[in-house]
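Below is one structure; the comments refer to it alone.
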Amino acid sequence: MSEPTVPMVLADNVWKSFGSNIVLKGVDLRVEKGQVVVLLGPSGGGKSTILRCINHLEKIQGGRLSVDGTLVGYNERHGKLYEMTTKKVAKQRSKIGMVFQSFNLFPHYTVLENVTVAPIRVKKMPRQEAVEIGNKMLARVGLADRASYYPAQLSGGQQQRVAIARALCMSPELMLFDEPTSALDPELVGEVLSVMKELAETGMTMVCVTHETGFAREVADLVAVLDGGVVIEYGPPSQVFDNPKDPRTAEFLSAVL
């Protein structure tokens, strides 16, 4: 009998609050290696918060959250959780790529400098090796000819593709996307989604918060719908979109489709 596989992401009864505002109320989520999971749901439902918790950009107050079998941000001793040092969290985070709504590029760095700064500083990679990888990743997102440009010389879609290349330069095991197209003009959305589709086809494990339901239907293995801080629906896109079990899912979809 084969050994059970360790999921890439496992959230077990995760709670998170900001002051008196409880944002996550016992979220359960399982993402297997190589899967694409899209998080949908109304604004304020907890989608971006659970994504940030996976990367320990937000600390959870209850439950457990692990990536590739290792607790995120905490060590466990005698049944109690102790927060990791900043250095250990940074090392853990280096295996997780994250792309935000805003591109967060350094305006005074060229495109190539933007994508190589983390491998050089965080991974202590030799500059020449980082440049080689940087150029390869820029080519992968269709921007090989923009390496010497500055962010201000690029469109929003191009800047977001640079942000994806920057994350890929760290050789992540998991990619998190937090509404990566929401700040883009409609005509630029497609170029970013096509890069994400190509990534999915190569077997990259991805968790995406997005309102692009077409992308979710076409690319996702599973769709999770969050509302009120809990997962109210979880299943293949065909089931979630065409035959939702929870009336709140149907209500949300009728508003966005």
Side-chain angles (χ1 to χ4, degrees), residues 7-9 11 24 27 29-58 65 67-68 72 92-105 114-115 118 137-138 140-143 154-186 188-226 231 234 237 240 256:
M8 182 58 81
V9 178
L24 302 178
V27 167
L29 188 69
R30 184 184 179 105
V31 183
E32 303 295 346
K33 290 172 185 173
Q35 278 188 333
V36 177
V37 174
V38 168
L39 308 183
L40 294 176
S43 200
K47 305 181 300 295
S48 292
T49 301
I50 188 66
L51 207 68
R52 291 174 66 83
C53 289
I54 291 170
N55 213 1
H56 203 60
L57 291 171
E58 299 291 351
L65 188 48
V67 170
D68 200 16
V72 174
Q92 203 174 47
R93 200 177 279 146
S94 71
K95 297 176 182 177
I96 304 171
M98 187 151 184
V99 178
F100 300 87
Q101 292 179 40
S102 53
F103 324 121
N104 298 322
L105 301 178
N114 264 285
V115 301
M137 293 307 158
L138 287 173
R140 188 171 177 181
V141 300
L143 292 172
L154 304 178
S155 70
Q158 289 171 327
Q159 290 187 58
Q160 192 62 293
R161 284 189 280 154
V162 172
I164 294 171
R166 176 180 57 188
L168 293 175
C169 280
M170 295 293 283
S171 303
E173 298 168 7
L174 168 67
M175 284 287 286
L176 308 175
F177 292 89
D178 189 6
E179 299 196 33
T181 59
S182 66
L184 300 177
D185 292 331
L188 302 176
V189 169
E191 65 187 66
V192 174
L193 292 180
S194 67
V195 170
M196 292 169 66
K197 286 177 192 173
E198 186 271 330
L199 264 184
E201 285 162 8
T202 64
M204 174 66 76
T205 311
M206 296 162 54
V207 184
C208 315
V209 174
T210 181
H211 292 294
E212 301 293 336
T213 51
F215 172 83
R217 191 185 275 276
E218 183 184 346
V219 180
D221 295 295
L222 292 165
V223 173
V225 182
L226 280 84
V231 176
Y234 192 52
V240 172
V256 297

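- Contact of the M175 side chain with the L168 side chain is registered, since non-hydrogen atoms from C-beta on lie closer than 4.5 Å.
- Tested against Y234, the residues L29, V225, V223 include a single side chain to side chain contact (heavy atoms under 4.5 Å, CB included) partner, L29.
- Checking side-chain atoms of R93 against main-chain N and O of N55 turns up a donor-acceptor pair under 3.5 Å.
- With hydrogens and angles ignored, the 3.5 Å screen pairs no side-chain donor or acceptor of K197 with any backbone N or O of V219.
- The CD atom of E173 lies 5.5 Å from the CG atom of D68; values are rounded to the nearest 0.5 Å.
- Here the straight-line distance linking atom SG of C208 with atom CG of L199 works out to 9.0 Å at 0.5 Å rounding.
- Counting heavy atoms from C-beta outward, V141 and V162 have side chains that stay 4.5 Å or more apart.
- Rounding to the nearest 0.5 Å gives a distance of 12.0 Å between NZ of K95 and CG of L174.
- Taking CD1 of I54 as the start and CD1 of I96 as the end, the distance is 8.0 Å to the nearest 0.5 Å.
- Taking both residues in full, the closest heavy atoms of T205 and G34 are given as OG1-N, 2.7 Å, listed atom of the first, atom of the second, then distance.
- The shortest non-hydrogen separation linking G45 to L226 is O-CB, 3.9 Å.
- Inter-residue side-chain proximity for L51 and F177 is flagged as unmet; no heavy-atom pair is nearer than 4.5 Å.
- Using a 4.5 Å cut-off on side-chain heavy atoms (C-beta onward), V67 and Q92 make no contact.
- Side-chain contact between R140 and T202 is present, with heavy atoms from C-beta onward closer than 4.5 Å.
- In this structure, P172 and M204 have side chains that are in contact, with non-hydrogen atoms separated by less than 4.5 Å.
- Considering all non-hydrogen atoms of both residues, A216 and P237 come closest at O-CG, 3.6 Å.
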Ignoring hydrogens and angles, write down the donor-acceptor pairs under 3.5 Å from the side chains of residues 188-196, residues two or more places apart or on other chains.
| residue | atom | partner | partner atom | Å |
| --- | --- | --- | --- | --- |
| E191 | OE2 | Q158 | N | 3.3 |
| E191 | OE2 | R161 | NE | 3.2 |
| E191 | OE2 | R161 | NH2 | 2.9 |
| S194 | OG | G190 | O | 3.4 |
| S194 | OG | E191 | O | 2.9 |

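- Of the possible polar contacts, one joining the D221 side chain to the V36 backbone as a donor-acceptor pair under 3.5 Å is found.
- In terms of heavy-atom proximity, L184 sits nearest to G157 at CD2-N, 3.6 Å.
- Distance CG/N104 to CG/N114: 10.0 Å, rounded to 0.5 Å.
- For A167 against G97, the heavy-atom pair with the smallest separation is CB-CA, 4.1 Å.
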Review point. Do V99 and Q160 pass the side-chain contact (heavy atoms from CB on, under 4.5 Å) test, and can you show the C-alpha distance, the side-chain angles, and the key distance before you say yes or no?
Key: CA-CA 8 Å; V99 178; Q160 192 62 293; 3.3 Å; yes
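- Note that CD1 of I164 is 9.5 Å distant from CG of L143, once rounded to the nearest 0.5 Å.
- Across every non-hydrogen atom of P7 and E32, the tightest pair is CA-OE1, 3.7 Å.
- For R52, the side chain to side chain contact (heavy atoms under 4.5 Å, CB included) test picks out L57, E58, M98, F100, with sequence neighbours left out.
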